[in-house]
Amino acid sequence: MTPFAIAGVQMHVSALNSNVEGMIHRLDILMARFPWTQMVLFSELAPYGPLPRFAQPFENEALDQFRAAARRHKVWLIPGSMFEKTEDGRIYNTSAVIDPTGHVVSRYRKMFPFRPYESEVEAGTEFCVFDVPEVGRFGLSICYDIWFPETTRQLTSAGVEVLLHPVLTGTTDRDAELAIARATAAQFQCYVIDVNGLSAGGVGRSLIVDPAATVLHQSGGQEDMFPIEVDLSYVRRQRETGIKGLGQVLKSFRDRSAEFSVYDRTSGADAYLKTLGPLEMPRQGSRLGLELPVVSAHAMSHAVHNLAFHSARSDEEDLPPPLADKSASG
């Protein structure tokens, strides 16, 4: 058995004020209540909220505070993500991985910003894989990344056993995202630690899923701290013998006969995708639209008359037949 205790923190996030002190306060409470916790994960954009105008350089005061907090509590800490502003003015959605000594061992820039809604955010191109010594291999993806299974395919092909997934989902597609989180755990035989925020940080409903797609914990719509001890040897066993002794998914992919030409941008296999139009903000009505015919007042009156006539005829047809006149029959 290879146990490791991971806690998610689902908290209210402000869009206009710093949440850093609140995050550290909750971390202090978490560690006082559950001192056996070894890793803590907050939601996407938790420190400063979802507005890119609060973007900062990667090295900033908040990161220093988080490093000190990780060192004080001797935990691995992923403080959600922050909008990072580079020297050339570009903005990324960036997460840091801090070890128990307070060192930043890795950082990750979200590969799939939620476009077209996050059109001002640049896309990262490098994966985040890191090892917890004597425990196992971890990978990081942020929110919309999980909708693209290629991202998790790359991570798990590199040996990742736990997918850390901070999200900011405050929209009506949270149900779909929860289904994707469970499917990801089954498809890639890994733990999925999915942490959402509240208020400006999302609608909550964080969850932890094991490699057999069993939900170990799901939050509601209120603040929640949920430490769960996962077992990395369970991941290895599932990958060896299959999910519940059934599908050996990663090995089947390894031993595949097919190559996927859709990933070769010059193959033409993605020709259909090029017919879908630009990636842009939806507007009222269809982009192509449907031109409705102009109907004259006379034609409209005639149509209303016909509708009334046919409705009356239909009502008559539904009536029961008249009763026989008994007086006439004697």
Does the side chain of Glu118 come within less than 4.5 Å of Tyr144's, by heavy atoms?
no

Tell me the closest heavy-atom pair linking Arg71 and Gly102, and the distance in Å.
NH1-CA, 3.8 Å

Side chains of Leu163 and Ser141: closer than 4.5 Å at any heavy-atom pair?
yes

Is the shortest distance from a Lys or Arg side-chain nitrogen in Arg237 or Asp231 to a carboxylate oxygen in the other one below 4.0 Å?
no

Quick check on the hydrophobic clustering: are Leu232 and Leu155 connected, directly or via other members, by side-chain heavy-atom contacts under 4.5 Å?
yes

In terms of heavy-atom contacts, does CZ of Phe260 have more than 12 from other residues, nucleotides or ligands at under 6.0 Å?
yes

Go through the steps for Gln65 and Glu21 under the test side chain to side chain contact (heavy atoms under 4.5 Å, CB included), then give the verdict.
CA-CA 9 Å; Gln65 290 178 269; Glu21 295 296 336; 2.9 Å; yes

When hydrophobic residues are tied together by side-chain contacts of less than 4.5 Å, even through go-betweens, does Leu168 share a cluster with Met11?
no

Quick one: closest heavy-atom pair of His165 and Cys143, and the distance?
NE2-O, 2.8 Å

Angle between ring planes, Tyr117 versus Phe114, binned at 30° and 60°: parallel, tilted or perpendicular?
parallel

Side chains of Leu27 and His73: does their closest heavy-atom pair fall under 4.5 Å?
yes

Run the side chain to side chain contact (heavy atoms under 4.5 Å, CB included) test on Phe66 and Val20 for me, step by step, so that the C-alpha distance in whole Å, both residues' side-chain angles and the decisive distance to 0.1 Å come before the verdict.
CA-CA 8 Å; Phe66 291 132; Val20 174; 4.0 Å; yes

Using the rule given for side chain to side chain contact (heavy atoms under 4.5 Å, CB included), can you reason through Asp28 versus Arg72, listing the C-alpha separation, both sets of side-chain angles and the distance that settles it, and then say yes or no?
CA-CA 10 Å; Asp28 292 342; Arg72 183 170 66 254; 3.2 Å; yes

Identify whether the distance between the nearest side-chain nitrogen and carboxylate oxygen of Arg205 and Asp194 falls below 4.0 Å.
no

Heavy-atom pair with the smallest gap, counting every atom of Val104 and Ala96
CG1-CB, 4.4 Å

Within a reach of under 6.0 Å around CZ of Arg265, are more than 12 heavy atoms found that belong to other residues, nucleotides or ligands?
no

Tell me, yes or no, whether the heavy-atom count around His103 atom NE2, taken from other residues, nucleotides or ligands under 6.0 Å, exceeds 12.
no

Can you name the closest pair of heavy atoms from Val97 and Cys128 and give their distance?
CG2-SG, 4.2 Å

Does one side chain, of Asp145 or Tyr108, offer a donor that lies under 3.5 Å from an acceptor on the other?
yes

Check the surroundings of atom NZ in Lys251: do more than 12 heavy atoms from other residues, nucleotides or ligands lie under 6.0 Å from it?
yes

hydrophobic_cluster_shared for Phe4 and Ile193, side chain cutoff 4.5 Å:
yes

Would you check if there is a donor-acceptor pair between the side chains of Gln248 and Gln189 at a distance under 3.5 Å?
no

Determine, step by step, whether Thr2 and Val235 satisfy the side chain to side chain contact (heavy atoms under 4.5 Å, CB included) criterion, reporting the C-alpha distance in whole Å, the side-chain angles of both residues, the deciding distance to 0.1 Å, and the verdict.
CA-CA 10 Å; Thr2 309; Val235 177; over 6 Å; no

Same cluster for Phe42 and Ile24 if Ile/Leu/Val/Met/Phe/Trp/Tyr side chains link at under 4.5 Å?
yes

In terms of side-chain geometry, is the basic nitrogen of Glu150 or Arg153 positioned less than 4.0 Å from the acidic oxygen of its partner?
no

Would you kindly say whether Thr169 and Asn196 are connected by a side-chain donor-acceptor distance under 3.5 Å?
no

